[in-house]
Number of protein chains: 2
Amino acid sequence: MTEEEPEPVRRRPGGRAARVRQAVLAAAMEVLAEEGIARLSIAEVAARAGVNETTVYRRWGSREKLVLDAMLVGSDEGIPVPDTGDVRTDLAAFARALAEYLATPTGRSVAREASLSSEDPDLAAAWHTFWQSRLDQAGAIISRAVERGELPADTDAALALELLCSPLQTRSLLGHRPIEPDLPERLTDLVLDGLKEKR
Amino acid sequence: MTEEEPEPVRRRPGGRAARVRQAVLAAAMEVLAEEGIARLSIAEVAARAGVNETTVYRRWGSREKLVLDAMLVGSDEGIPVPDTGDVRTDLAAFARALAEYLATPTGRSVAREASLSSEDPDLAAAWHTFWQSRLDQAGAIISRAVERGELPADTDAALALELLCSPLQTRSLLGHRPIEPDLPERLTDLVLDGLKEKR
DNA sequence: CACTTAATGCAAGCCATCCTGCGTTAAGGT
DNA sequence: ACCTTAACGCAGGATGGCTTGCATTAAGTG
């Protein structure tokens, strides 16, 4: 098992290959937004990209990997992380942005696809990285609040955000209940203050 | 479009039909627990039930409906709802039970399948009923706490339970992070007390 | 410009899922 | 015991996702 490559297989990053990749990923995002995750077939994506079906199968292998790749590239902007100087305002804004994203066809599809591909260890790992980077970004809200003395120093940022976000994700995933407009605010209040009244 | 049936088609609830239904649903649960949701095919279930493939297709129509039916029948015991006289203890025990259930192959499959079939309105509605009945049962924990004066009267039981349960569901669904043994307790504390220290 | 060879296109085929027509079995009524 | 017919089994076939072999195109190099 030599880790080095004896013959440095000459790759071709420029020109056609890049164009094809671009076109396919764009087409995948397009189908994802319009048709949803269920009706996304390789055939459909290939047709829209003006590329042969075989090419897609050879380059990506499976539908899951294609969608994941499209996500990592296309949905790179992510959810904006506000910084207003107040935890409650920040968290509420973040939750609202997440809710809006999850209401998007694309957002729904992303969440759905992530849950679908949690069987394959490689894909699960890739999604883990994806979520982790988002969580780390949002963690700044908590750490800033700790610095300002709004929250105790031993606050678990990851868990707190999980508490805030997962109800939204669950509603989007299971789809049995809509996300009401005031839900982000109510969740924020609950997460910050807890159930017990004591002020 | 007459809603009534002119000829009262004589159903046959007894005997073979019932046996077949029983055998197929049992086989479905079995496959679900052993193989997982991904590898559950009609052919596999039919073979285990000793029934022809065609029969399953005709009676249930799709894989999703079959699994849903199996869930509604087989997983009817549900999560036990404790009543110890203390909210924190009750909630923690409930969360722990849910976590254990979600760690089960069957539990994982149930959550997975529910998210898969949230496209079809009929299936989504059926799952909504399913979750709703579970939530209503667990809601007793909150209402009892309110009666005891442990929680304010305007506590939203459904939202509170959602806050407690959805992190567990999300971890199970997205599968990118395991459910640590102390997570239920930590969630319970967070839900009850909130992030801010004020005691 | 000529050459090598990734990368793509095209066509055929495989496989599992799912459907359809028809004959057979057995449940429920007489 | 007999009849009617709902429910089932069986065989064949359509469909869609996925793979494979071979010809063609064009990127990178001298």
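Chain identifiers are assigned alphabetically (A, B, ...) following the order of the sequence lines, protein sequences preceding nucleic acid strands; residue numbering begins at 1 within each chain.
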**Study point:** Proximity to DNA chain D (any heavy atom under 4.0 Å), residues of residues 35-53 of chain B only
**Key:** B:V51, B:N52
Exercise for review: Check whether any side-chain N or O of A:H176 sits under 3.5 Å from a backbone N or O of B:H128 as a donor-acceptor pair, and report yes or no.
Suggested key: no
Review point. Is the phosphate of D:dT19, meaning OP1 or OP2, less than 4.0 Å from a side-chain N or O of A:Y57?
Key: no
Review point. By side-chain contact (heavy atoms from CB on, under 4.5 Å), which residues pair with B:A158, not counting sequence neighbours?
Key: A:R177, B:D156
Study note, to complete from the structure: Rounded to whole Å, NZ of B:K65 lies from P of C:dC18 at a distance of 12 Å
Exercise for review: Quick one: list whatever passes salt bridge (Lys or Arg N to Asp or Glu O under 4.0 Å) with B:E53, sequence neighbours left out.
Suggested key: none
Review point. Could you give the CH2-to-P distance, from B:W60 to D:dA7, as a whole number of Å?
Key: 12 Å
Review point. How close or far is atom C1' of D:dG16 from atom CZ of B:R63, stated in whole angstroms?
Key: 16 Å
Exercise for review: Return the set of residues passing side-chain hydrogen bond (donor to acceptor under 3.5 Å, both in side chains) with A:T89 (not counting sequence neighbours), or none when no residue passes.
Suggested key: A:D86
Check your understanding: What pairs with A:R59 under salt bridge (Lys or Arg N to Asp or Glu O under 4.0 Å), at least two apart in sequence or on another chain?
Key -> none
**Study point:** Backbone of B:I141 reached by a side-chain donor or acceptor of B:D90 within 3.5 Å
**Key:** no
Check your understanding: For B:R19, which contact category applies under a 4.0 Å heavy-atom criterion: base, sugar-phosphate, or nothing?
Key -> sugar-phosphate
**Study point:** Residues that B:E185 engages under side-chain hydrogen bond (donor to acceptor under 3.5 Å, both in side chains), provided they are two or more places apart
**Key:** B:R96
Exercise for review: Sequence neighbours left out, what passes side-chain hydrogen bond (donor to acceptor under 3.5 Å, both in side chains) with A:E180? Give chain and number order.
Suggested key: A:R171
Check your understanding: Which residues pass the salt bridge (Lys or Arg N to Asp or Glu O under 4.0 Å) test with A:E113, sequence neighbours left out?
Key -> A:R63
Check your understanding: If you fit an axis to the five pairs at each end of the helix from C:dC1-D:dG30 to C:dT30-D:dA1, how big is the angle between those two axes, to 10 degrees?
Key -> 40°
Exercise for review: With sequence neighbours excluded, tell me which residues meet side-chain hydrogen bond (donor to acceptor under 3.5 Å, both in side chains) with B:S115.
Suggested key: none
With 3.5 Å as the limit, what N/O pairs link the protein to nucleotides 21-25 of chain C?
residue: C:dT25; atom: O2; partner: B:R16; partner atom: NH2; Å: 3.3

Revision key, fill the gap. Whole-Å distance, A:L66 CG to D:dG17 P, equals 14 Å
Review point. In chain order, what residues pass the salt bridge (Lys or Arg N to Asp or Glu O under 4.0 Å) check against A:D69, with sequence neighbours excluded?
Key: A:R21
